[in-house]
Enquirer: 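Structure below; questions to follow.
Residue numbers start from 1 in every chain, and the chains themselves are labelled A, B, ... in the order their sequence lines are given, proteins ahead of strands. Not measured: the values here are computed from a predicted model.
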Protein chains: 2
Amino acid sequence: MTNEDLSSLVSYATGRELKKGEVLLNEGEVCRAFYLVDKGYLRTWYNKNGAEINLSFTFEGDFISNLKSVKSKRPSNLIIEAGEDTSVWVFDLDSMTKQPNPSPEINIFIRRLAIRILLAAEEHSNLFKIYTPTERYRLIEKNHPLLLQRIPLSQLASYLGVARETLSRIRKKNH
Amino acid sequence: MTNEDLSSLVSYATGRELKKGEVLLNEGEVCRAFYLVDKGYLRTWYNKNGAEINLSFTFEGDFISNLKSVKSKRPSNLIIEAGEDTSVWVFDLDSMTKQPNPSPEINIFIRRLAIRILLAAEEHSNLFKIYTPTERYRLIEKNHPLLLQRIPLSQLASYLGVARETLSRIRKKNH
DNA sequence: AATGGCCTGTGACCAAAATCACAAACGGCA
DNA sequence: TGCCGTTTGTGATTTTGGTCACAGGCCATT
């Protein structure tokens, strides 16, 4: 990707600062953007009868979006919010795709982002199909230790698909 | 998409007939194509210590591929095979992307396919994070009844992440 | 109609995790 | 330092789903 392409991409981004707990994409809203985390982290979760189920955590240097909502132009059933005080770059998809002369690089950029976000989702989903809760915890410990350092146990629990108490017991056995 | 674009796409496709159980993409092979199902269905699974775990079923008019393998150019750990006698169109990605003047439409086509395949994977993965086995069955019943009609219970079980016996009992309760 | 192979149903039992209830630890802040 | 709210640990009990073993059904082939 050339410098001109890069700087034209940056021109579609606007910075935004969020306090811990502040919501970036709300349930019921149509998602129209990619978010690039600059500092802090974003938490993506689903509201199941009042209980929060965490689907992903996005740290510095990584992207997140709700592609399903973007693509279908339908309201999001996920919430994306700041897990700490967080600053993000918001890439507006409408202005990127609707501009008069979209460079092929922009299409390729979007394609790569989409694949990147979705492959991450797929990787996490395989955890559930292949491994038991204890095995899932061990894998996170090995491959994504950052999660264990920065995410409260109570939030990690739903991410791993277990009760808070079960995760506490798994962790205890580890020493 | 114009007619020329469409017919140029078709020119990258070759037809192939498969007997039930015949393998289209094998474990260890690098995936280089999209497959479009014309008749029958394809079953995508991976081998966990000798046990088959089904990840997706692809019916008439839908596409499947192993994008992770395509993108990384690394051997597939999934197997794609015919669940019935099946005929497919094979879209060769190398020849599509490496041709001298790739039209932007081809990039967009690939982008849409990729997103479509991955959104389906994501949807299925969310089933596991959010719902219990019984809820998963009910959702399949509601949103993808075709699966229940055409897929043997023993194969559906691993797709839903439960033991064969458990699925049999869930199904019984439903009446 | 009989055979054999495969697929599905079902009971008994077991193990793992959920749930409930409460105690302990921690962290900011007056 | 002491207080309060949040987060984590832990025991007792219940639920759920897995595992094992086997019976019955279905279907194709002879």
Enquirer: Tell me if the aromatic rings of B/H124 and B/Y159 count as close, with their centers under 6.0 Å from one another.
Expert: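 Ring-ring flag for B/H124/B/Y159: true, centres closer than 6.0 Å.
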
Enquirer: Return the 5'-most residue of the pair B/E165, A/V162 with respect to DNA chain C, ranking by each residue's nearest nucleotide.
Expert: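 Closer to the 5' end of DNA chain C: B/E165.
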
Enquirer: For A/I170 and C/dA16, what is the distance between atoms CD1 and P respectively, to the nearest whole Å?
Expert: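 It is 12 Å, rounded to the nearest whole Å.
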
Enquirer: Measuring centre to centre across the rings, with the benzene-like ring taken for any Trp, is B/Y35 within less than 6.0 Å of B/F63?
Expert: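 Judged by ring-centre distance (under 6.0 Å), B/Y35 and B/F63 do not meet the cut-off.
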
Enquirer: For D/dT8, does either OP1 or OP2 sit under 4.0 Å from a side-chain N or O belonging to A/S154?
Expert: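 Indeed, a polar side-chain atom of A/S154 lies that close.
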
Enquirer: Round to a whole Å and report the spacing from NZ of B/K20 to P of C/dC7.
Expert: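 In whole Å, C/dC7 P lies 7 Å from B/K20 NZ.
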
Enquirer: Tell me which nucleotide among D/dG18, D/dG17, D/dG9 gets nearest to the side chain of A/L153.
Expert: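 The listed nucleotide nearest to A/L153's side chain is D/dG9.
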
Enquirer: Between A/F128 (CZ) and C/dA17 (P), how many Å, whole number?
Expert: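 Nearest whole value for this atom pair: 13 Å.
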
Enquirer: Is there a side-chain polar atom (N or O) of A/K172 under 4.0 Å from OP1 or OP2 of D/dG9?
Expert: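 Looking at the OP1 and OP2 atoms of D/dG9, neither is under 4.0 Å from any side-chain N or O of A/K172.
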
Enquirer: Rounding to an integer number of Å, can you tell me how far B/R169 CZ sits from D/dC20 P?
Expert: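 Distance check: B/R169 CZ to D/dC20 P gives 14 Å.
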
Enquirer: Rounded to the nearest Å, what distance is computed from the CD1 atom of residue B/I151 to the C1' atom of nucleotide C/dC7?
Expert: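 It is 14 Å, rounded to the nearest whole Å.
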
Enquirer: Cationic tip of B/R136 within the cone over B/F128's six-membered ring, i.e. under 6.0 Å and within 45° of the normal?
Expert: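 Yes, B/R136 sits over the ring of B/F128.
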
Enquirer: How far does OG of B/S76 sit from CD of B/E29, to the nearest 0.5 angstrom?
Expert: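 Between atom OG of B/S76 and atom CD of B/E29 there are 8.0 Å.
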
Enquirer: Distance check needed: C/dA15 C1' versus A/K173 NZ, whole Å only.
Expert: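 Atom-to-atom, A/K173 to C/dA15, this comes out as 11 Å.
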
Enquirer: Between D/dG9 and A/R171, counting only base atoms on the nucleotide and side-chain atoms on the residue, is there a donor-acceptor pair under 3.5 Å?
Expert: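 Side chain to base: no pair present.
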
Enquirer: Could you tell me the separation between the CG atom of A/L148 and the P atom of D/dT7, rounded to a whole number of Å?
Expert: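 Nearest whole value for this atom pair: 18 Å.
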
Enquirer: Between B/R164 and B/L167, name the one whose nearest nucleotide on DNA chain D is closer to the 5' end.
Expert: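 Residue closer to the 5' terminus by nearest nucleotide: B/L167.
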
Enquirer: Is the distance from OP1 or OP2 of D/dG17 to the nearest side-chain N or O of B/T166 less than 4.0 Å?
Expert: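 No, outside the criterion.
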
Enquirer: One pair to check against ring-ring contact (aromatic ring centres under 6.0 Å, His included): A/F91 and A/Y12. What are the steps and the verdict?
Expert: CA-CA 6 Å; A/F91 289 81; A/Y12 296 114; 8.5 Å; no

Enquirer: Give the rounded distance in Å between these two atoms: CD of A/E135 and P of C/dA16.
Expert: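 One finds 12 Å between P of C/dA16 and CD of A/E135, rounded.
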
